There are 2 protein chains.
Amino acid sequence: MEHRQPLDRVARIQADWRRERPDVDTSPQGVIGRLHRLAGRLTEELCRVYGRYDLNEGEFDVLCALRRVGEPYERAPGELAAHTMVTTGAMTKRIDRLERAGLVTRRRSDDDQRGRIVALTGPGRELIDQAFTDHMRNERHLLNLLTPVEAETLEALLTTWLSRLEDPRPPRHE
Amino acid sequence: MEHRQPLDRVARIQADWRRERPDVDTSPQGVIGRLHRLAGRLTEELCRVYGRYDLNEGEFDVLCALRRVGEPYERAPGELAAHTMVTTGAMTKRIDRLERAGLVTRRRSDDDQRGRIVALTGPGRELIDQAFTDHMRNERHLLNLLTPVEAETLEALLTTWLSRLEDPRPPRHE
DNA sequence: TATATTTGTCTTCCATGGAAGCTAATGCGC
DNA sequence: GCGCATTAGCTTCCATGGAAGACAAATATA
């Protein structure tokens, strides 16, 4: 135990629970609580970069999904919804905003008259190319708070946990 | 490189970017992308438990903040807002819902007529005690997807990154 | 003490997203 | 080819939270 380190927020919460509910083991919060806290803080930092381009997180995600599919930077709304993990209703609204901003266009699909095709415009392409470059530079700075070894270890652990969480056949321990 | 492992979502996104933007190093996404994905998946799992008690995440957080302060389980709305990291406006609405559900009461403070005091009711206390026990059991199961050593290493890395992120004097590398 | 500033909570308005249902187009089974 | 289930996108309604301002009470200042 490091006595010179002030307790962080999560450690203080754990201390409260130890006093109030000594019957409950709150040690998992040490990992899960900090993971959420860290995710939240990182999101804040990332959103600052999106804001420089007048984008919010959702809009940035949609533009990325269109850009990384490659020429001619087109995708159906349903695909975009799946890639960015929102409902199609939410996607309709995001596309509305991006269309209004002139960053994407929306047209009917030729082979399926129900379907639409969302495409990056020239300005949309330019904007996301610049924003993405900036975004990755930002992520790099944030990640550089860890040593290369720390970062590598962390990535491996996150990948492991994630894969076990998705994996149907469950736990390894206890 | 593990060739038998199918690429996960983040790895596929990185592969797309390598093709489309070979000029940009997207390796930070390996950590940051997976961290966010994992946080999202864990939140889903946690919310399932909250749902069993007819609570959403915000309400659960407020009840926890009241419970872990100890007897008589009272706190000012502003304090609750600070602890749960939302604005006081959002807190007003959360308290409205919890009050309507009979889980908390709201009264005027004696020494400061502007202030209110939110207190757990008996049923609120019972509910959160049970929900929290269940919640920690759930977190334990999720964490048991990692070995004890993995969990310990992960906690240390998250704590390190978080503290460096909050720390005013910045980076260690590059 | 009278006035100004600050503080704590609440209110209003807006942004965003989910759930569920609507509409039109597709395509399957007969 | 005709009906019926399915599909894609959109619309409507609702839940939640932030931003900013209103309001009343407390505190500081003259």
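Please read these numbers as outputs of a predicted model, since none were measured by experiment.
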Checklist line | Reading 5' to 3' through nucleotides 2-11 of chain C, protein heavy-atom contacts under 4.0 Å coded B for base, S for sugar-phosphate only, - for none | finding: -----BSBBB

Note to self: Does any part of the side chain of Leu158(A), heavy atoms only, come nearer than 4.5 Å to the side chain of Leu154(B), both counted from C-beta?
What the structure shows: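 Yes, at least one pair of side-chain atoms sits under 4.5 Å.
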
Check: Under 4.5 Å between any side-chain heavy atoms of Asn56(A) and Arg97(A), yes or no?
Finding: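 In short, these two side chains touch, coming nearer than 4.5 Å.
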
Item checked: Test item: side-chain donor near acceptor, Thr133(A) and Arg21(B), under 3.5 Å ->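 Distance-only check passes for Thr133(A) and Arg21(B).
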
Note to self: When you compare the side chains of Arg140(A) and Ser27(B), does any donor N or O come within less than 3.5 Å of an acceptor on the partner?
What the structure shows: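 Indeed, the side chains of Arg140(A) and Ser27(B) share at least one donor-acceptor pair under 3.5 Å.
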
Notebook entry, point to check: Are Asp8(B) and Arg37(B) ion-paired here, with the side-chain N under 4.0 Å from a carboxylate O?
Noted result: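 Looking at Asp8(B) and Arg37(B), the cut-off is not met.
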
Next item on the list: Would you mind telling me which residue lines up with the more 5' stretch of DNA chain C, Arg97(A) or Asp110(A), judged by nearest nucleotide?
Entry: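 Closer to the 5' end of DNA chain C: Arg97(A).
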
Checklist line | Terminal contacting nucleotides, 5' and 3', DNA chain D versus chain A (heavy atom, 4.0 Å) | finding: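 Span of nucleotides near chain A: dT7(D) to dC13(D).
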
Next item on the list: Apply the test side-chain contact (heavy atoms from CB on, under 4.5 Å) to residues Arg137(A) and Asp134(A): give CA-CA distance (whole Å), side-chain angles for both, the deciding distance (0.1 Å), then the verdict.
Entry: CA-CA 5 Å; Arg137(A) 186 165 32 232; Asp134(A) 200 354; 3.8 Å; yes

Note to self: Using the rule side-chain contact (heavy atoms from CB on, under 4.5 Å), only one of Asp129(B), Leu127(B), Ile128(B), Leu103(B) pairs with Leu120(B); which is it?
What the structure shows: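 With Leu120(B) as partner, side-chain contact (heavy atoms from CB on, under 4.5 Å) holds for just one option, Ile128(B).
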
Next item on the list: Assign Arg108(B) to base, sugar-phosphate, or nothing according to its heavy-atom contacts below 4.0 angstrom with the strands shown.
Entry: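 Since no nucleic acid heavy atom lies under 4.0 Å of Arg108(B), the category is nothing.
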
Next item on the list: Can you measure from CG (Leu46(B)) to CZ (Arg41(B)) and round to the nearest 0.5 angstrom?
Entry: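 Leu46(B) atom CG to Arg41(B) atom CZ measures 10.5 Å (nearest 0.5 Å).
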
